[in-house]
Number of protein chains: 2
Amino acid sequence: MSPVECIFQEFIDAIQTATSEDEFERVATRLAQRLGFQRFAYLRLTGETPMLISSYPKSWTSRYFQLGYQQLDPVVRRARAERALFSWGGEASTLAGNREQRRFFDEATTFGIRSGITVPIRGGFGRMAAFTLATGDRDLHPERLVADGEDLIRLVGLHFHCYVAARLDVLSASTRVASELTQRERQCLAWIARGKTIADIAVLVQIAPRTVGFHLDNARAKLGAASLPQCVAEALRRGLLS
Amino acid sequence: MSPVECIFQEFIDAIQTATSEDEFERVATRLAQRLGFQRFAYLRLTGETPMLISSYPKSWTSRYFQLGYQQLDPVVRRARAERALFSWGGEASTLAGNREQRRFFDEATTFGIRSGITVPIRGGFGRMAAFTLATGDRDLHPERLVADGEDLIRLVGLHFHCYVAARLDVLSASTRVASELTQRERQCLAWIARGKTIADIAVLVQIAPRTVGFHLDNARAKLGAASLPQCVAEALRRGLLS
DNA sequence: TAATCGCCTGTCAAATTTTACAGGTACCTC
DNA sequence: GAGGTACCTGTAAAATTTGACAGGCGATTA
C-alpha cells in the first residue's frame, strides 16, 4: 500500500472518532499536512449561517466573513457551479477574474494561501459545501499525490462532510443563544409550534387575530423563512424556541 | 436541470434522510430504476463480514454468499483491482474468464442480472466496496445517460458509501433512537422545514402532489401533530430531522 | 423633538393546507 | 393465500395561511 493510501486509511479511522468541531479540525489538519499541504478548510453554506472548519489563520477567516468574501471568493463560486474536483491558484489566479477577485487572491496570499485543491460537495436540500486543501506554494506539485490521489481527496471531502453532518449538526442545535425575536414573536411562534392556529392564539394571547399574524409575519421575515414550518424549524435550530 | 441531474439531486436529498439499511435500499432502488436499471447492489468487503445492501433477489444473494461467490465474481475482482468506473456483462462476459466464471454469469442471468455498471470504492487498506447498477438487458444502453452520466454514477456510489459509513455504522455502534417516520415522510418533512410548499416538493421529489400530502399526513399523525409547523417542531425535538 | 421600536389593528384576495373520502402497486413474512 | 408495510394517486370542499396594502399607540433615545 502506498504512503498516500496509508494516510488516507488513518484519516478514515480518525474521522469516525471525532465528536467536536475541534477534533474534526485536528483530524483534517493532520491529513492535509501529511499530504504536503499547509492548510485545509471545510466551508458549508446553508442559508444564512455559514459553517467553517479550517486550519486557516483566524485573522484571515474572521476578516473573510466580516467582509462577506464568501460571495466574492472565486473558489466558492466555482465550487457552487461545478461538481468535479478542481485545483486553483498559481499564476492563473493572479491574472484571471475581475479586479476585486485578484485583490482577494493577493490578500489570501499574505495569509499563506496561494493555491489548492477543492472538492465541491452537494449537500442536498439546496445546501453546498466545499472541502479544500491549500498551500502557500506558488503552484501545486501534483507529484505529491499518486496517480489517483484525486480520487482519494474526493473521498476525503465527502467523508469529512458526511461525518460532520452526521455527528456535529445534531449537537450544535443545543448550543445557540441570541434571541433575534421579540417576546411577542416568540410567544406566537411557540404556540404555532404546538399546533395552534392563528385564531386559537388570538384567544390564548388575548389580541386580535391579525396581530398574531403580524407577529408571525415579522418572525418569518427575521428568520428568513418562507413559511411557518420553516420559521419554526429555524427558531428551534437557533435555540430561540424549545 | 436535465432529467438525469434532477434524479441525481433527488437521490442526494433522499439519502440524507435514510437511517436504516432498508431505507438506503429503497432510495438506491428508486434511483436505479429511474436511470433505467432494474437492480442495484452495494457490496462492502471489510475483513470477515461482507455487507450487502441491494435490490437483487434474496434467493440470489443468499446463494451468492453461501457459495462464497464474492471470491469468484469477476465484477468484484475487477472492482478490487481498478479504480475507475467500468461496465460489464453482455456478450463479452459469456466468453471471457474461466469455466467457473462463465457459469457464474449464466447463473446470475437466470436471476435477471446480465450487465451493469460498477463503481469501485476504496476505503483504504483492505477495505473495499463496490456500487453497481445492473440490468437484465443483454447490453447496456449508454444513451440512457447524458454525457457526464458516468460522473454522476461515480458520485452516487461515493455518496452511498459515505452515508452508509457515516450513518449506518455510527448508528449500530451508538444505539440511536428508532425513527418513527419512514424515509419518505422524513424527506418531505425536511423540505417543509425548509420552506417549500407541497407543490414545490412534488417537483423536487418527483412524485404527485397528493402523495407528498399523503406522506405529510402520515408524519403528522405519527407525531401527534395538528399542523405541519407542530410536526416539524416535534421531529426536530425528537432528533428525527436536522 | 424627531426617530426608532415593540406593539396593536384592519381589509381583502390569493395561495396553501387540511380533512375525509377511496383506491392502487410491490414486496416480504407467516 | 392472508396480512403487513411502504409507497403511490385521485377528488373536492373547508379551513387556514400568506401577501399587500394602511394606520395608530406608547416608551426610549439620539
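So you know, we letter chains A, B, ... as the sequences are listed, proteins then strands, and number each from 1.
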Pairwise 5' ranking along DNA chain C for A:H215 and B:I192, keeping only the more 5' one = A:H215
Phosphate OP1/OP2 of D:dT18: any A:R220 side-chain N/O under 4.0 Å = yes
Would you please confirm or rule out a distance under 4.0 Å between OP1 or OP2 of D:dA6 and any side-chain N or O of B:T182?
-> no
Closest to the A:L228 side chain, choosing from D:dT9, D:dT18, D:dC7 = D:dT18
Within the structure shown, what part of the strands sits under 4.0 Å from B:R210 by heavy-atom distance: base, sugar-phosphate, or nothing?
-> base
Base, sugar-phosphate, or nothing: which does B:T197 touch, judged by heavy atoms less than 4.0 Å apart?
-> sugar-phosphate
For the side chain of A:I207, starting at C-beta, report the closest nucleotide among C:dC8, D:dT9, C:dT18.
-> C:dC8
Any idea how A:W60 and A:Y64 line up, ring-wise: parallel (<30°), tilted (30 to 60°), or perpendicular (>60°)?
-> perpendicular
Are B:R78 and B:F86 in a cation-pi contact, defined as NZ or CZ under 6.0 Å from the six-membered ring centre and within 45° of the axis?
-> yes
Name the nucleic acid region contacted by A:L216, choosing base, sugar-phosphate or nothing; use a 4.0 angstrom heavy-atom cut-off, strictly under.
-> nothing
Mind calculating the distance between CZ (B:R34) and C1' (D:dC8) to the nearest angstrom?
-> 11 Å
Of A:I198 and A:F214, whose closest DNA chain D nucleotide lies nearer the 5' terminus?
-> A:I198
Pick the nucleotide of DNA chain C nearest each of A:T211 and B:A226; which residue has the one closer to the 5' end?
-> A:T211
Please state whether the rings of B:F160 and B:F11 are parallel, tilted or perpendicular, taking 30° and 60° as the class boundaries.
-> parallel
note: B:E21, atom CD; D:dA6, atom P; distance rounded to Å ~ 16 Å
Result of checking A:I207, A:L189, A:I198, A:I192 against A:H215 for side-chain contact (heavy atoms from CB on, under 4.5 Å) | A:I207
Choose from C:dT17, D:dC8, C:dC8 the nucleotide whose nearest atom is closest to any side-chain atom of B:R30.
-> D:dC8
Looking for any heavy atom pair under 4.0 Å, which part of the strands does B:D217 touch: base, sugar-phosphate only, or nothing?
-> base
